2 protein chains.
Amino acid sequence: MVQNSPFARKLSAYLELSGPDLAALSDVYDRRRKFPAGQDLISQGQENSSAFILMKGWACSYVLLEDGSRQIVAFHIAGDTLGLRSILFRGSDHNVEAITNIEASEVLISDLASAFGRSTEMATAILWSASRDVSALVANLVGLGRRSAAERIAHCLLELATRLHEVDLCDMHSFDCPLSQYQLADALGLSAVHVNRVLRELRESGLMTFQKRRVTFDDFDGLVAFAQFDRTYLKDTLPKNRFPSPKSNHSVIRPLQYQAR
Amino acid sequence: MVQNSPFARKLSAYLELSGPDLAALSDVYDRRRKFPAGQDLISQGQENSSAFILMKGWACSYVLLEDGSRQIVAFHIAGDTLGLRSILFRGSDHNVEAITNIEASEVLISDLASAFGRSTEMATAILWSASRDVSALVANLVGLGRRSAAERIAHCLLELATRLHEVDLCDMHSFDCPLSQYQLADALGLSAVHVNRVLRELRESGLMTFQKRRVTFDDFDGLVAFAQFDRTYLKDTLPKNRFPSPKSNHSVIRPLQYQAR
DNA sequence: CGTCGTATTGAAAGGATTCAATTCCTGTGG
DNA sequence: CCACAGGAATTGAATCCTTTCAATACGACG
């Protein structure tokens, strides 16, 4: 069912997808491809690269520096769009790598064009979705700039849990996490050694445990407080739902609430 | 002249603005407002906040943490859009403050709607422009995560120079910079004390000077190499110009090149 | 059973912060 | 014209966080 796919569910937080909208999404979904863990979907500098919607598995966007170090910009889970920017630009400014084996649907530039042409609401919904990703990016940036290693780690894992929860892949108490300490380090601007140390401290303090590919929040409220995790931050990005429709076609703006499912 | 305004010039890198497009922009420009240095245009949490196009002066977006520290997410100069996300969301997830006295035009949600309805190209141009801002954000994030204090500072000032150059406010050798060392520190995840120290080191090494509100690149090439500043990064974000037009109205996609003015 | 990637730990070195104090500038008022 | 106030810049010293290097343990896999 197309309307139950992670991406459709995301967009439907903004607008009620009409039949034709879903049909268009369905076309995209038919272009599904598989990538093995470790493979790059998109490479820095590559021209005419595609974008994807991640259907299954984990991926990450990252940038490689000349000195060999890398910075992971974002982790991606089911429903996320990958490399949207790179189809608008001449070349991609980042890499996207599959962390686990993944399935992703290729989004052509023509798909984007037709989605934009479909209706003002559809175009806005996509801008909204992209803006939400930017919000997450900003939150990461703030963490890198102003939070301690322990806060960063806790914050990052809480955020992942929240996002997984949105697409029903996590119960907010624990989740399977395929990330290595190296990847966590590259995402949080730390060394793997230090990630390890801090992870142990977090475990010993009784706040959370990350062992054997599984994250468990032993003291959820304590952790939220410790990481200064803003539980409303996703709610704040809810659409306003007061966007006027000068050219409304078939999509209908949806009344309030989000996680009401 | 509307078409010579910084924002129109930005967009026209993507498409050739038609008469009606310009007229629409002109409407926005008529809603011009002034803000004194230090004033917040947009506040975190604030609902129904506006967006703006910055016409003159410097501003910054920032996030305040509970412990009182703050992280500046981006500096804004003429032609930049401010708080675009906050009109799509229920509440703003960041603050925007005037660094100098500024002039900014208010963008209403209806402006965005009508721009989106105007043509597929116009909508894409706006998405493209927003994506470009994201690229800058990503570059900052990489710097925070993986670069030394000196590299960050050099990189930041080189990037500002590049952007100022785009809107004709800088000759790539030196520029007036209203930022205090505190603001630089808040943007780069450093303490003001350390910014000061590193600024002195950069000066003594003969790479660059930042004194008396003026930044001078004493050894431009050396600085670019030191900061690993990618001079092509703005070029990479050029539009592909192969976006199909299933519903072309009056705007025409423009042939290649950007800074050809 | 050996191998390779990941996790763990210790010790030393380095980078950045904090706190505290001093100097420099610039605008204001006498 | 000068004194003064207040913000910004500068500097020093001690401390803390993180990294680097080096070595070991662990676990899945062929």
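Note that the coordinates shown come from a computational prediction; the quantities given were computed from them, not determined experimentally. Residue numbering restarts at 1 for every chain, and letters A, B, ... go by the order of the sequence lines.
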Mind running a 4.0 Å heavy-atom check of residues 60-76 of chain B against DNA chain C and sending the residues that fall below it, in number order?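 Contacting residues: none.
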For the atom pair CG (A:Asp186) and OG (A:Ser191), what is the distance rounded to the nearest 0.5 Å?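 Result: 10.0 Å between the selected atoms.
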Which nucleotide span of DNA chain D, 5' end to 3' end, has atoms closer than 4.0 Å to non-hydrogen atoms of chain B?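 That gives a stretch of D:dA9 to D:dA13.
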Taking side chain as C-beta onward, heavy atoms only, is [X] less than 4.5 Å from [Y]?
X	Y	value
B:Asn140	B:Glu159	yes
A:Arg85	B:Val134	yes
B:Met172	B:Thr162	yes
A:Tyr29	A:Met55	yes
B:His94	A:Val138	no
B:Arg70	B:Gln183	yes

Heavy atoms only: give me the nearest A:Ser49-A:Gln46 pair and the separation to one decimal.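 Shortest heavy-atom contact: CB-OE1, 3.2 Å.
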Checking side-chain contact (heavy atoms from CB on, under 4.5 Å) between A:Trp58 and each of A:Asp80, A:Ile102, A:Leu160, which is the one that passes?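 Answer after filtering A:Asp80, A:Ile102, A:Leu160: A:Leu160.
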Taking atom C1' of C:dG5 as reference, at what distance in whole Å does atom CD of A:Gln181 sit?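 In whole Å, C:dG5 C1' and A:Gln181 CD are 12 Å from each other.
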Salt bridge or not for B:Glu103 and B:Arg32, using N-O below 4.0 Å?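 Yes.
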Return a single string for nucleotides 9-26 of chain C, one symbol per nucleotide in 5' to 3' order, where B is base contact, S is sugar-phosphate-only contact and - is none, cutoff 4.0 angstrom on heavy atoms. BBB----SBBB-------
